[in-house]
Protein chains: 2
Amino acid sequence: MIERKDKILTAALELFANHGYNGVSTNKIAKAAEVSEGLIFRHFKNKQGLLDAILEQAFEKAAVLYAHIITEQDPKQVLYKTITLPFSVEKSEYYFWKLQFKLKWELEISGKEKMQPLLDKLNWAFGELGYEHPREEAELLQHLTESISSGILKDGMETQQHLKDFLLTKYKV
Amino acid sequence: MIERKDKILTAALELFANHGYNGVSTNKIAKAAEVSEGLIFRHFKNKQGLLDAILEQAFEKAAVLYAHIITEQDPKQVLYKTITLPFSVEKSEYYFWKLQFKLKWELEISGKEKMQPLLDKLNWAFGELGYEHPREEAELLQHLTESISSGILKDGMETQQHLKDFLLTKYKV
DNA sequence: GTCTATAGGATGATAGAC
DNA sequence: GTCTATCATCCTATAGAC
């Protein structure tokens, strides 16, 4: 059985991801979730608490994806997994993903610290592969995947597909 | 003499750039501009009209920067100017710049069309320089400058400086 | 756990005086 | 051009019944 608390979380996730935090009222969330507005405050104390609960879920999902790269031992595979990551995000996690980008700008929640281990791993991988400036190569590739992710979220995956193939060739992975 | 209409535009620009469109009320704008709230609606009809007036200014500023690249005849200089552009934006235009990124996500205003001539020019430049896949190289570099711009706006120019030098070396310009 | 009703304040926008 | 006063609506949040 679908709990009402989850219905709120699901509805709020989609609305926040599409219209931002300040662009959505608790009234709209309640209607979308087919729930009384008061229930939101019972379960999450206030609107910010609802967002926090969603963000916690989002961080957990992201951690799983990142772990897949960080635990990888083959440097070439680290590059491969980094490049293909934006293209392997499931539809079911699409809203979590979009929300991250939205909030990064709207509320200036950076999430930069969460990316540090990934950056370190890329740094290590480029070093192993004999690149002259592994740190800069790592930052560049991270910037690229960030912007490609942004492109996927805004214009659709089709528009970025060819860049994946191009990058895989470029980095010989 | 500073007109009150301009005071409104200036105050609104800073507030929108820092807190987003939905994060700022007309009341707050009026107080920041030291102006009565009603005056905003006299001059701009409604809140959206105020944003539109600011965006028009922003597009004009951006057009000037882009023209500097598009009219360039030397392909190496096209790459040079593209890479250094994010590092040459004046402090006075900082809020216009930040607003573009904010609104791209909050209101999903893409501004993609405005970038097309720039992409075409990069495509041409990479072709002239004998790159095998000029279209993909162009898209990659545009993605990079987009993400580096984002990094400058979020974490400051210092954090991205070394990437500029690295890119200039990489592309030999 | 869930709903209804409602408080108290903020919000976008208008009217009318100067 | 500008201000003050005001309005209807919407917003977050709480109280109390079931």
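Order of the sequence lines fixes the chain letters, A, B, ..., with proteins taken first and strands second; residue numbering starts at 1 for each chain.
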Q: Take B/Val35 and A/Asn46, find for each the nucleotide of DNA chain D with the closest heavy atom, and name the residue whose nucleotide sits nearer the 5' end.
A: B/Val35
(Q) Nearest to the side chain of B/Phe41, heavy atoms from C-beta on, is which of C/dT14, C/dT2, D/dC11? (A) C/dT14
Q: Pick base, sugar-phosphate or nothing for A/Arg42, based on heavy-atom distances below 4.0 Å to the nucleic acid.
A: base
Q. A/Lys45 has an atom NZ; how far is it from atom C1' of D/dT14, in whole Å?
A. 12 Å
Q) Taking the six-membered ring for Trp, is the centroid-to-centroid distance between A/Phe59 and A/Tyr66 below 6.0 Å? A) no
Q | Cation-aromatic face contact B/Lys91/B/Tyr94, 6.0 Å, 45 degrees | A | no
Q: Could you work out which one of C/dT11, D/dT14, C/dG1 sits closest to the side chain of B/Asn27?
A: C/dT11
Q. Which residue, B/Glu37 or A/Arg4, contacts DNA chain C at a nucleotide closer to its 5' end, judged by nearest heavy atom?
A. A/Arg4
**Q.** Spacing of A/Phe44 atom CZ relative to C/dT2 atom P, expressed in whole Å
**A.** 11 Å
**Q.** Residues B/Arg135 and B/Asp120 bridged, charged N to O under 4.0 Å
**A.** yes
**Q.** Salt bridge present between A/Lys98 and B/Glu108 (N-O < 4.0 angstrom)
**A.** yes
Q) What is the distance from NZ of A/Lys31 to C1' of D/dT12, rounded to the nearest Å? A) 15 Å
Q: Please work out which of the three classes, parallel, tilted or perpendicular, describes the rings of A/Tyr21 and A/Phe16, given edges at 30° and 60°.
A: tilted
Q. For B/Leu39 and C/dT14, what is the distance between atoms CG and C1' respectively, to the nearest whole Å?
A. 14 Å
Q) What is the distance from CG of A/Asn22 to C1' of D/dC11, rounded to the nearest Å? A) 12 Å
Q | From D/dG1, C/dC3, C/dG12, nucleotide with atom closest to B/Glu3 side chain | A | D/dG1
Q: May I have the distance from B/Ile8 (atom CD1) to C/dA13 (atom P), rounded to whole angstrom?
A: 14 Å
Q: Using only side-chain N and O atoms of B/Thr26, determine if any of them is under 4.0 Å from OP1 or OP2 of C/dT11.
A: no
**Q.** Distance in angstrom units between B/Ile40 CD1 and D/dC3 C1', rounded
**A.** 13 Å
Q) To the nearest angstrom, how far is B/Asp6 atom CG from D/dT2 atom C1'? A) 15 Å
**Q.** Nearest-nucleotide 5' precedence on DNA chain D, B/Lys5 against A/Gln48
**A.** B/Lys5
Q. Looking at the side chain of A/Lys47, which of C/dT11, D/dA13, C/dA13 is the nearest nucleotide?
A. D/dA13
Q. Quick one: which of D/dT12, C/dG16, C/dT11 gets closest to the side chain of A/Ser25?
A. D/dT12
